[in-house]
Amino acid sequence: MPQQEGDKRKMPSTTLEPDAVTAAFSVQSDDPIVLASLTHDYGTRLALDHLSFSVAPAQIFGLLGPNGSGKTTLFRILSTLMIPSGGLATIRGFNVATEPAQVRQQTGIVFQARSLDIKLTVEENLRHAGHLYGLSGKHLRARIADVLERVALTDRAKDYVETLSGGMQRRVELAKGLIHSPAVLLLDEPTTGLDPGARLDLWQYLRMLRDEEGVTVLVTTHMMEEAEYCDRLAILSEGKLVALGSPEELKSTIGGDVVLFETENENAAQSLAARMAGRFEVAPTVLGNTVRLERENGHRFLTAVLDAFPGEVRAVSVSRPRLEDVFIQRTGHRFWTEATDGSVKEKEGIN
């Protein structure tokens, strides 16, 4: 990816103490996206609580978290729609709070909500997007042709957007975000409303952008299976960074198998957990009517528990660690919670 005109590296202004800024930039200052003690306070709730991490070049980086985790607030700050309460965020060396025009030149943005004019053709949507970035004439026509080829929509250039499937419309959104050759691509829940095939196609395009053009991609998601496609993840909970690393690195932090014991109700689970802790010297977690723990050779351990407490367990399971297990380990609660009617819902709060 050629360097954007006007790209520069400099120490941005910040509300952090100088020593904190120096520490944050001493190793990672050249990364395309850098956060240093980034904070946002809505007044009634702290949506982002001193987040610090960076995103490396040509990397697909995921922000994973339920509603209320802060990922949407962070996305709005990085896309220059909000100014943070404190701390620092930079994209390609530019401060998102004080240099928004320069940041926008460096970034392509695909919002969760549709931003296409469905009454225009695919080509017309891309032409208008290019004009916003100062593109015109032969250069703009070449860019339109290039991005349409990139997302496999060359033969649909003259079609009206309203005639396209949801997956194709999402690909037009992606082409629109790439029209000005950005070094960084920000996507907010990009697969919302897509069928499984269209989701896989989108992730294939993102990997192609990473591998062939060196684009740095940051994507927000609440879907565990999609988070597995990322090179690296930041897992957020209630505005805090609770885990950071590749999916495999994060899952490897779980100590052995994940063993679940389902009981009649939460009181029974609390009682069983307490007696298991005393008898087997373990530290189980109670999640509703389920007792959860991590254990090497989990299948052998569950047999010992069933023998020790006959008739108290309704169902058991043993599995290898998943990303949700990482979330539970770091927060003490499920990624999803259950409503009073038994349906699954996301944790409440500010996005």
Side-chain angles (χ1 to χ4, degrees), residues 1-2 4 58-62 72 75 78-79 81 104-223 225-231:
M1 170 67 65
Q4 294 287 324
Q59 183 178 77
I60 299 178
F61 188 94
T72 300
F75 186 89
L78 293 177
S79 56
L81 295 179
R104 290 168 193 157
Q105 286 293 328
Q106 304 294 322
T107 57
I109 303 173
V110 179
F111 294 101
Q112 182 177 356
R114 186 180 64 196
S115 64
L116 301 174
D117 188 329
I118 63 172
K119 298 299 182 181
L120 298 180
T121 67
V122 171
E123 185 178 44
E124 287 168 341
N125 270 276
L126 297 181
R127 187 182 306 123
H128 287 307
H131 289 161
L132 293 175
Y133 286 99
L135 305 179
S136 62
K138 293 182 179 179
H139 181 52
L140 177 56
R141 290 194 293 271
R143 280 303 300 160
I144 291 174
D146 184 54
V147 295
L148 285 178
E149 182 180 3
R150 178 65 63 190
V151 299
L153 285 175
T154 299
D155 60 338
R156 309 303 293 268
K158 302 299 184 181
D159 291 359
Y160 290 100
V161 169
E162 63 184 348
T163 68
L164 304 181
S165 67
M168 287 183 177
Q169 290 187 14
R170 211 60 177 151
R171 282 149 60 185
V172 179
E173 295 270 15
L174 185 59
K176 183 179 174 182
L178 295 170
I179 194 67
H180 59 298
S181 303
V184 175
L185 183 63
L186 307 176
L187 303 100
D188 188 17
E189 303 281 358
T191 62
T192 298
L194 299 186
D195 61 55
R199 288 178 179 175
L200 290 176
D201 286 345
L202 181 64
W203 280 98
Q204 181 180 346
Y205 297 133
L206 296 182
R207 287 191 289 268
M208 185 168 55
L209 287 171
R210 175 198 63 191
D211 297 339
E212 297 182 10
E213 297 193 22
V215 176
T216 299
V217 179
L218 182 143
V219 55
T220 73
T221 184
H222 62 268
M223 303 178 69
E225 64 272 22
E226 289 197 351
E228 296 275 3
Y229 298 143
C230 296
D231 300 318

(request) For residues Asp231 and Arg210, determine if any side-chain heavy atom of one lies less than 4.5 Å from a side-chain heavy atom of the other. (result) yes

(message) Just so I know, are the side chains of Leu202 and Leu174 near enough to count as touching, which here means a heavy-atom distance under 4.5 Å?
(response) yes

(message) Quick check: closest heavy atoms across Val172 and Leu126, and the distance to 0.1 Å?
(response) O-CD2, 4.1 Å

(request) State, with a plain yes or no, whether a side-chain heavy atom of Phe75 is found less than 4.5 Å away from one of Ile109. (result) yes

(message) Keeping Glu124 on the side-chain end and Thr121 on the backbone end, is there a donor-acceptor pair under 3.5 Å?
(response) yes

(message) Ignoring hydrogens, what is the shortest heavy-atom contact between Leu140 and Leu135? Give both atom names and the distance.
(response) CD2-O, 3.7 Å

(request) Indicate the atoms forming the closest heavy-atom contact of Arg150 with Met208, along with that distance. (result) O-CE, 3.2 Å

(request) Give the intermediate values and the outcome of side chain to side chain contact (heavy atoms under 4.5 Å, CB included) for residues Cys230 and Val219. (result) CA-CA 9 Å; Cys230 296; Val219 55; 4.0 Å; yes

(message) Is there a side-chain contact between Thr220 and Leu187 in this structure, where contact means two heavy atoms from C-beta onward sitting under 4.5 Å apart?
(response) no

(request) Check side-chain contact (heavy atoms from CB on, under 4.5 Å) between Ala157 and all other residues, then give those that pass, not counting sequence neighbours. (result) Glu123, Leu148

(message) Once side-chain contact (heavy atoms from CB on, under 4.5 Å) is applied, do any residues pair with Asp117, and if so which ones, sequence neighbours excluded?
(response) Lys119, Leu120, Asn125

(message) On a heavy-atom basis, which atom in Gly108 and which in Pro182 lie closest, and how many Å separate them?
(response) N-CB, 3.3 Å

(message) I need the Ser181 OG to Gln106 CD distance, nearest 0.5 Å.
(response) 11.5 Å

(message) Nearest 0.5 Å, please: how far is OG in Ser165 from CZ in Arg156?
(response) 7.5 Å

(request) State, yes or no, whether a side-chain contact exists between Ile60 and Trp203 at a heavy-atom distance under 4.5 Å. (result) yes

(message) If you compare all heavy atoms of Ala58 against all heavy atoms of Thr216, which two are closest, and at what distance to 0.1 Å?
(response) N-OG1, 3.0 Å

(message) Taking Thr192's backbone N and O only, do any of them form a donor-acceptor pair with Gln112's side chain (distance below 3.5 Å, no angle check)?
(response) no

(request) May I have all residue pairs that pass salt bridge (charged side-chain N to carboxylate O under 4.0 Å, His left out) and include part of residues 131-148, sequence neighbours excluded? (result) Arg143-Asp146

(message) For a quick test of reading the model, state the closest non-hydrogen atom pair linking Tyr205 to Ala152 and the distance between them.
(response) OH-CB, 3.9 Å

(request) With the side chain counted from C-beta on, respond yes when Leu178 and Leu185 share a heavy-atom pair under 4.5 Å apart, and no when they do not. (result) yes

(request) State, yes or no, whether a side-chain contact exists between Val110 and Leu186 at a heavy-atom distance under 4.5 Å. (result) no

(message) Rounded at 0.5 Å granularity, tell me how far OH in Tyr229 sits from OG1 in Thr221.
(response) 10.5 Å

(message) If the condition is ring pair (Phe, Tyr, Trp, His ring centres under 6.0 Å), which residues does Tyr133 pass it with, not counting sequence neighbours?
(response) His180

(message) Check whether Thr191 reaches the backbone of Leu194 with its side chain - one donor and one acceptor, N or O, closer than 3.5 Å.
(response) no

(message) Tell me whether Glu149 at atom CD has more than 12 heavy atoms from other residues, nucleotides or ligands lying less than 6.0 Å away.
(response) no

(request) Please list, chain by chain and in numerical order, all residues satisfying side-chain contact (heavy atoms from CB on, under 4.5 Å) with Leu132, sequence neighbours excluded. (result) none

(request) Can you tell me which residue pairs pass the salt bridge (charged side-chain N to carboxylate O under 4.0 Å, His left out) test with a partner in residues 168-193, sequence neighbours excluded? (result) Lys71-Glu189

